[in-house]
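First comes the structure, then the notes that go with it.
Quick note on labels: first sequence line is chain A, next is B, and so on, each numbered from 1. What you are looking at is a predicted structure, and each value in this text was computed from that prediction instead of being measured.
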Number of protein chains: 4
Amino acid sequence: MKKKGVKERIIETASDLFYNQGYSQTGINQIIAEAGVAKASMYQHFRSKEDIAVEYLVARHGMWMGKLNDCVSRKSTSKNKVIGCFDYLIEWLTEVNFRGCGWQNIITDLPEENHKIKAQAVYHKNELRKWIHNLLLQEEQYKEEEVLDLGDQVLILIEGAIILSQIQKESWPIESAKKACIKILT
Amino acid sequence: MKKKGVKERIIETASDLFYNQGYSQTGINQIIAEAGVAKASMYQHFRSKEDIAVEYLVARHGMWMGKLNDCVSRKSTSKNKVIGCFDYLIEWLTEVNFRGCGWQNIITDLPEENHKIKAQAVYHKNELRKWIHNLLLQEEQYKEEEVLDLGDQVLILIEGAIILSQIQKESWPIESAKKACIKILT
Amino acid sequence: MKKKGVKERIIETASDLFYNQGYSQTGINQIIAEAGVAKASMYQHFRSKEDIAVEYLVARHGMWMGKLNDCVSRKSTSKNKVIGCFDYLIEWLTEVNFRGCGWQNIITDLPEENHKIKAQAVYHKNELRKWIHNLLLQEEQYKEEEVLDLGDQVLILIEGAIILSQIQKESWPIESAKKACIKILT
Amino acid sequence: MKKKGVKERIIETASDLFYNQGYSQTGINQIIAEAGVAKASMYQHFRSKEDIAVEYLVARHGMWMGKLNDCVSRKSTSKNKVIGCFDYLIEWLTEVNFRGCGWQNIITDLPEENHKIKAQAVYHKNELRKWIHNLLLQEEQYKEEEVLDLGDQVLILIEGAIILSQIQKESWPIESAKKACIKILT
DNA sequence: CATGAATGAGGCTTCATTCAT
DNA sequence: CATGAATGAAGCCTCATTCAT
């Protein structure tokens, strides 16, 4: 059994803190303290706090999309997979006590300079968008030209459900979004 | 000609700064400097930075709802007023360069402690929710029991459109949300 | 008897440290520790470390020129006052163990950005230059057009004597410079 | 074609950086990065940063004295060679944009501990002093007992011209020093 | 009711050096 | 002989808040 590497420990600790207490609210001192790492060791692996955030978001993207895929894989049709997104949201957000979306949270109250972080958020949302479009494209029910529109509308419902459930600390926005999604995809 | 009161000046300055450069990114020193107020004078009127934020949100609520009302007042039917919300979003968010929603922005990257701020966000979104419900209730087209559902779905589209247009720095999410809204309200 | 002000204490402490152990070698932490002041208190009075250095140099300029004037005031003629500069150098540099010139020392190994500090060094040397020129102008022995030249040559001897005695930690360069000065002014 | 040795590369890189951006302003990380050397490899060759500085000064001494000799070799008499020093100063300092003397720069803002560096500065200045004395000894014009005095005075003019031109970022101090030198050597 | 001075805690980042491989 | 990871100490600066006047 080998001890986990420093870099790994930093990302894990930072991920936990960034997501759960916020990026601005998390200082490097806390990160290195909880990761059990010297400050300069941390800066050997990451040029800046922003760079840690980028790796946090990259790792989170893989994990999040993976879980989403797992969750909807049980569904029969592509259309049901898309609708199943909202089941995933319920599952996930309930578990994290409606802490919201890591990407939304980190960009909303961020100084202008952090371009790399903002780019990650855009990347993540674009990937999710493509993922939805691809699923809908497989449905013979929809004409190709309307798939883009439909997908975007679903994406907006997802985003709205996440942020509203975070504000309300309740799950009804996700249920509502699911209903709207079903209506839209009919 | 009377000089504006200290409290008033602080709220105005802080509102501008909190919204445009972020709550975490705005320090008390900048607020008092730009407001032309002594530090202890400020603490005479506000117990803490959070308290300033609360009053900022209260003031913003009045202004925001007012502008929303103004914008949709031109529309003929209640249904069209609801759909007109998205015209307001376009107008507003384009003007502020897709800076997003003041309430969303301030709560997403905030630690759990700031109860007063979070309460304001809940309050604002509930008022908006009620506003939408009231409009839909006036439409004979909808049964009373479905109005709640419809309203919530519209609210989610609004929230999603705001946050997604903020991430993308583009207006298409608002256009998409409007289309979805029209479909849902049919 | 009143306690000395914070700003005063900072300048005094910093002056001592900047001169005796070097600007780059002196950290803010040492300054505030020895001055017995909180870090933020220091930054209330000085925007940056460079600003402290500027005030140190300003204060030093007054003190240094004052002592120079005192020292040469005993001399009879203007010419002898100029030559007397080197007696001042001996007196002063012996006392400070040949620590050299505060202005020379601070600019030689300085990052490019510190414009305000560099400006102070230029200012000080220009004032000294004017001071020498004025003395020489009072001597009927010299034609007006040669005074500038003579003065500059004396200034160079002063600068050379200071830096060389600092390197050698000995006083002979000052004695040599004095001899050269006498020769030049003949 | 053989790759340059590690030690050689470090000295060359460090020399460039130490002289052009300052000793305190140059970190080991920058040195090894620009030299393309691993950190521990560097510490295999040099016990400390100070040791690198020493070898930088040693190398610089050879180069500097060489160029000085080259420059004055064109002059006819020994006396003219000495005066020619100031032509060298002009040539050199203009080229380096009045960056001053490597030895002066490194010792002025240095704490008392760095004995090895200070010793190198003393060594360099003594060698230059001897070099001047030797030249003057070859001139029959001067009595042996006055050569020491004359040489020291020239040395002081050189030092003063260098530091003053560095402060002023102008060449007139060197011109003035040359005039003084000519007068002194008459 | 208003003020500027003072503060402890913490912000992010870099330093020169050593260690295990 | 070479390497990258790891470190403790220190770098300069800003935070929200309180206190004495």
Side-chain angles (χ1 to χ4, degrees), chain A residues 3 5-10 24-33 35-53 111 113, chain B residues 5-7 23-33 36-53, chain C residues 3 5-7 9-10 23-33 35-53 111 113, chain D residues 5-7 23-33 36-53:
Chain A
K3 202 184 164 191
V6 172
K7 187 165 183 176
E8 204 176 351
R9 251 154 53 221
I10 293 171
S24 314
Q25 266 53 48
T26 303
I28 10 202
N29 286 323
Q30 190 182 7
I31 296 175
I32 61 166
V37 169
K39 202 172 285 191
S41 299
M42 203 211 75
Y43 276 95
Q44 191 112 29
H45 294 280
F46 303 92
R47 227 185 287 278
S48 66
K49 187 187 173 189
E50 183 177 15
D51 279 18
I52 304 181
E113 313 89 66
Chain B
V6 171
K7 187 165 183 177
Y23 177 69
S24 314
Q25 268 54 51
T26 303
I28 307 238
N29 289 318
Q30 191 183 5
I31 295 174
I32 61 165
V37 169
K39 193 170 285 190
S41 296
M42 201 214 74
Y43 276 95
Q44 200 97 23
H45 291 281
F46 302 92
R47 217 186 291 277
S48 67
K49 188 185 173 188
E50 184 178 13
D51 280 17
I52 304 180
Chain C
K3 201 185 165 191
V6 172
K7 186 166 184 176
R9 250 152 56 221
I10 293 171
Y23 177 70
S24 315
Q25 267 52 49
T26 303
I28 311 235
N29 288 321
Q30 190 182 6
I31 295 175
I32 61 166
V37 168
K39 200 172 286 190
S41 299
M42 205 211 74
Y43 276 96
Q44 192 113 30
H45 293 280
F46 303 92
R47 228 184 287 277
S48 67
K49 187 187 174 188
E50 183 177 15
D51 279 17
I52 305 181
E113 313 89 63
Chain D
V6 170
K7 187 165 184 177
Y23 177 68
S24 315
Q25 268 54 51
T26 303
I28 329 213
N29 289 318
Q30 191 182 5
I31 296 175
I32 61 166
V37 169
K39 194 169 284 191
S41 296
M42 201 213 73
Y43 275 96
Q44 199 96 24
H45 291 283
F46 302 91
R47 217 185 293 276
S48 68
K49 188 185 175 188
E50 185 178 12
D51 281 17
I52 304 181

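In this structure, CZ of B/Phe46 is placed 18 Å from C1' of F/dT18, rounded to the nearest angstrom. The distance from atom CZ of B/Arg47 to atom P of F/dT18 is 10 Å, rounded to the nearest whole Å. Regarding C/Ile10, its CD1 atom lies at a distance of 13 Å from the C1' atom of E/dT7, rounded to whole Å.
Taken from CD1 in D/Ile52 to NE2 in D/His45, the straight-line distance is 11.0 Å, to the nearest 0.5 Å. In this structure, CD in D/Gln44 is found 11.5 Å from NZ in D/Lys7, a value given to the nearest 0.5 Å. Interatomic distance, CD of D/Gln25 versus CD of C/Glu113, reported as 7.5 Å (0.5 Å rounding). Between C/Lys49 atom NZ and C/Met42 atom CE the span is 10.0 Å, to the nearest 0.5 Å.
In terms of heavy atoms, C/Phe46 sits closest to C/Ile10 at CE1-CG2, 3.6 Å. Closest of all the heavy-atom pairs between D/Ser48 and D/Tyr43 is CA-CE2, 4.3 Å. Contact record, B/Ala38 with B/Ile32: O-CG2, 4.4 Å, taken as the closest heavy-atom pair.
Under a 3.5 Å cut-off, the side chain of D/Lys39 and the backbone N or O of D/Ile28 do not form any donor-acceptor pair.
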How does each nucleotide of nucleotides 6-12 of chain F score, in 5' to 3' order, for protein heavy atoms under 4.0 Å: base (B), sugar-phosphate only (S), or none (-)?
BBB-BSB

Under the rule of Watson-Crick or G-U wobble with both distances under 3.5 Å, where | means paired to another strand and [ ] a crossing pair, DNA chain E maps to .||||||||||||||||||||

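Annotation: F/dT21 and E/dC1 have their P atoms spaced 22 Å apart (nearest Å).
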